[in-house]
Amino acid sequence: MPELPEVETVVRALSPLIEGRTLRHIKRADAPDGPKYLGLSRAAGQRIKTLTRRGKFILMHLSGGDTGIIHLGMTGTLSPSKPADHIRVIMSFSDGDPGAIYFRDPRRFGRFIVTEGDDYSMLPTLAAMGPEPFDPTFTPASFAAACGQRTTGIKALLLSQRVVAGLGNIYVDEALWQARVHPDSPSRAIGKARLRALHKAIIEILTRAIAARGTTLRDYRQVDGGSGGFGASLVVYGHKGGYCPRCDGPFTTASIAQRTSTWCERCQIRRGL
DNA sequence: CGAGTGCCCTGACAGC
DNA sequence: TGCTGTCAGGGCACTC
C-alpha cells in the first residue's frame, strides 16, 4: 500500500532521527535471515550517512559504502517506539535518542536487505527502475517514447516501475482517471495528447499526495503513527459503485493487471487522441 | 526479452 | 458470538 508519497513521507520524518548516527546492532527480531532479509549484520558499526528514496524503496547510504534497502511492502512501518507485535527488524544505535528504530510488517510483504556497495542485482525491480517522476529526465517526450515501445496495457506498464518509479494501484487509477485514459489501453495506442495529460497527471497527483502526507487506507502510518490526509481526495480508488464526478457515468470495477481497478468507461478511452 | 500468471501473507470484514 | 470465506496487493519466480 505505501506508494511513492507514503514512502517519501516516511523518509522525510525518519531522516532527522537517524542520519549521521552509527548503527550498533541490526538484526531480525523473529527469525533468521531469509531471501527477504539479507546481509543485515553488514550494517552494524556503520554510520548512516543519508536516507533517500528510489521509487518505493528506502535507501540507507552507509559510511562503509554499503546500502541498506528497505521496502515496506503492503503493511510495513518504521517507528521509533516499540510496536506490540510483528516486529521483523530492530536497528539500535550506539547512543542518542531514539535508541532504536523498529521495522514492523504484519503481512510479511516487506524486505530489508543490506548490499555491498550499490549492487542492486538481488532486487531486479530496483535495478531496472525508471526515472523518478520529479526528475527532469521524466518528460512528456521520454514518457511517450517509453510507452510507444510497449504492447502492454498502460496500467500494467505503470505498475511495473520501468517507465516511471513509485506508482502503485491507488495513484495509477487516479492518474488514469484524471488523464481520461482507460487502464487497459495498449500503451502504444494512446495518443499524444492523452499521454501528455497522463504525464502531467502523474506528477500532479503525486505532488498533492506528498503535500497531504500520503493516503491512509488501513495499514499505512507515518513515522509518528499519524494518518495520511489524501484519502478524501481520491476520486476513483475505493469508489466501486460510484459515479464519475466529471461526466456522471457509472464507475466500472474489474481486475486489470491483477489489481482491482476502478474507472469511468464513458470518459476514459482506450486509444487515440 | 516481453508479456502474462500464480504466489506470498495475515488482518479486516461480510455473511450466516 | 463465532466460524468460514473473501479480499487486499508489490514484487518476484516462473512459463511461454
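We use all heavy atoms of the structure for the numbers below, so side chains are in, but hydrogens, waters and symmetry mates are not. Just so it is clear: chains get the letters A, B, ... in the order the sequence lines come, proteins before strands, and each one is counted from 1.
Counting only residues at least two apart or in different chains, side-chain hydrogen bond (donor to acceptor under 3.5 Å, both in side chains) contacts with residues 109-132 of chain A comprise A:Arg53-A:Glu132, A:Arg54-A:Glu132, A:Asp119-A:Ser121. Residue pairs meeting the side-chain hydrogen bond (donor to acceptor under 3.5 Å, both in side chains) criterion with at least one member in residues 14-29 of chain A, sequence neighbours excluded: A:Arg28-A:Asp30. Listed by first and then second residue, the side-chain hydrogen bond (donor to acceptor under 3.5 Å, both in side chains) pairs involving residues 140-151 of chain A are A:Thr139-A:Ser142 (not counting sequence neighbours).
Side-chain atoms of A:Arg111 lie closest to C:dC12 of the nucleotides C:dC12, C:dG10, B:dT10. Of all nucleotides listed (C:dG9, C:dG10, C:dG11), C:dG11 comes nearest to the side chain of A:Phe57. Side-chain proximity of A:Glu3 to the nucleotides B:dG11, C:dG11, C:dG10 is greatest for C:dG10.
Distance A:Leu123 CG to C:dG10 P: 17 Å, rounded to the nearest Å. When rounded to the nearest whole Å, the span between CD1 of A:Ile256 and P of B:dA3 equals 17 Å. Atom-to-atom, CG of A:Leu167 to C1' of C:dG9 comes out at 15 Å; the value is rounded to the nearest Å. Following rounding to the nearest Å, A:Leu159 (CG) and C:dG10 (C1') show an atom-to-atom distance of 9 Å. Distance, A:Lys36 NZ to B:dC7 P: 15 Å, rounded to whole Å. Distance A:Asp105 CG to B:dG11 P: 11 Å, rounded to the nearest Å. Summarising the geometry, the separation between CE on A:Met122 and C1' on C:dG11 is reported as 15 Å, rounded to the nearest angstrom. Rounded to whole Å, the distance from CZ on A:Arg54 to P on C:dG11 is 12 Å.
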Let me check something: any side-chain donor-acceptor pairs from residues 201-209 of chain A under 3.5 Å, sequence neighbours excluded? List them with distances.
| residue | atom | partner | partner atom | Å |
| --- | --- | --- | --- | --- |
| A:Glu204 | OE1 | A:Gln178 | NE2 | 2.8 |
| A:Thr207 | OG1 | A:Ile203 | O | 2.6 |

Cut-off 3.5 Å, no hydrogens considered: what does the side-chain donor-acceptor table look like for residues 244-251 of chain A, sequence neighbours left out?
| residue | atom | partner | partner atom | Å |
| --- | --- | --- | --- | --- |
| A:Arg246 | NH1 | A:Trp177 | O | 3.0 |
| A:Arg246 | NH2 | A:Trp177 | O | 2.8 |

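Of the N and O atoms on the side chains of A:Tyr171 and A:Thr215, at least one donor lies less than 3.5 Å from an acceptor on the other residue. In this structure, a donor-acceptor pair under 3.5 Å is absent between the side chains of A:His61 and A:Thr67. When only modelled atom types and interatomic distance are considered, A:Thr262 and A:Thr253 share a side-chain donor-acceptor pair under 3.5 Å. With no hydrogens or angles considered, a side-chain donor-acceptor pair links A:Ser79 and A:Ser81 at under 3.5 Å.
Close to B:dG11, at under 4.0 Å from its OP1 or OP2, lies a side-chain N or O of A:His86. At least one side-chain nitrogen or oxygen of A:His71 sits closer than 4.0 Å to the OP1 or OP2 atom of C:dG11. Listed pair A:Arg259 / C:dA8 fails the phosphate criterion, with no side-chain N or O lying under 4.0 Å from OP1 or OP2. Side-chain N/O atoms of A:Tyr237 include none lying less than 4.0 angstrom from OP1 or OP2 on C:dA8.
A:Lys56 meets the salt bridge (Lys or Arg N to Asp or Glu O under 4.0 Å) test with no other residue; sequence neighbours excluded. A:Phe138 pairs by the ring-ring contact (aromatic ring centres under 6.0 Å, His included) definition with A:Phe143, A:His199, not counting sequence neighbours. Residues passing the ring-ring contact (aromatic ring centres under 6.0 Å, His included) test with A:Phe112: none are found, sequence neighbours excluded.
The base of C:dA8 sits within donor-acceptor range of the side chain of A:Arg107, with an N or O pair under 3.5 Å.
A rotation axis mapping the C1' atoms of four pairs onto the next four is fitted at both ends of the helix from B:dG2-C:dC16 to B:dC16-C:dG2 over five pairs, and the angle between these axes is 40° to 10 degrees.
The pair A:Asp66-A:Arg42 meets the salt-bridge criterion, since a charged nitrogen lies less than 4.0 angstrom from a carboxylate oxygen. Ion pairing between A:Arg104 and A:Asp85 holds under the 4.0 Å rule for side-chain N and carboxylate O.
Using a 4.0 Å cut-off on heavy atoms, none of the residues of residues 127-135 of chain A approach DNA chain B.
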Mind listing the N/O atom pairs, protein and nucleotides 5-7 of chain C, below 3.5 Å?
none

What does the list of N/O pairs under 3.5 Å between the protein and nucleotides 4-6 of chain B look like, with a distance for each?
none

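Nucleic acid contact for A:Pro124: sugar-phosphate only, since backbone atoms but no base atoms lie under 4.0 Å from a heavy atom of the residue.
More than 12 heavy atoms of other residues, nucleotides or ligands sit less than 6.0 Å from atom CZ of A:Phe134.
Nearest-nucleotide positions on DNA chain B place A:Arg162 closer to the 5' end than the other of A:Arg162 and A:Phe109.
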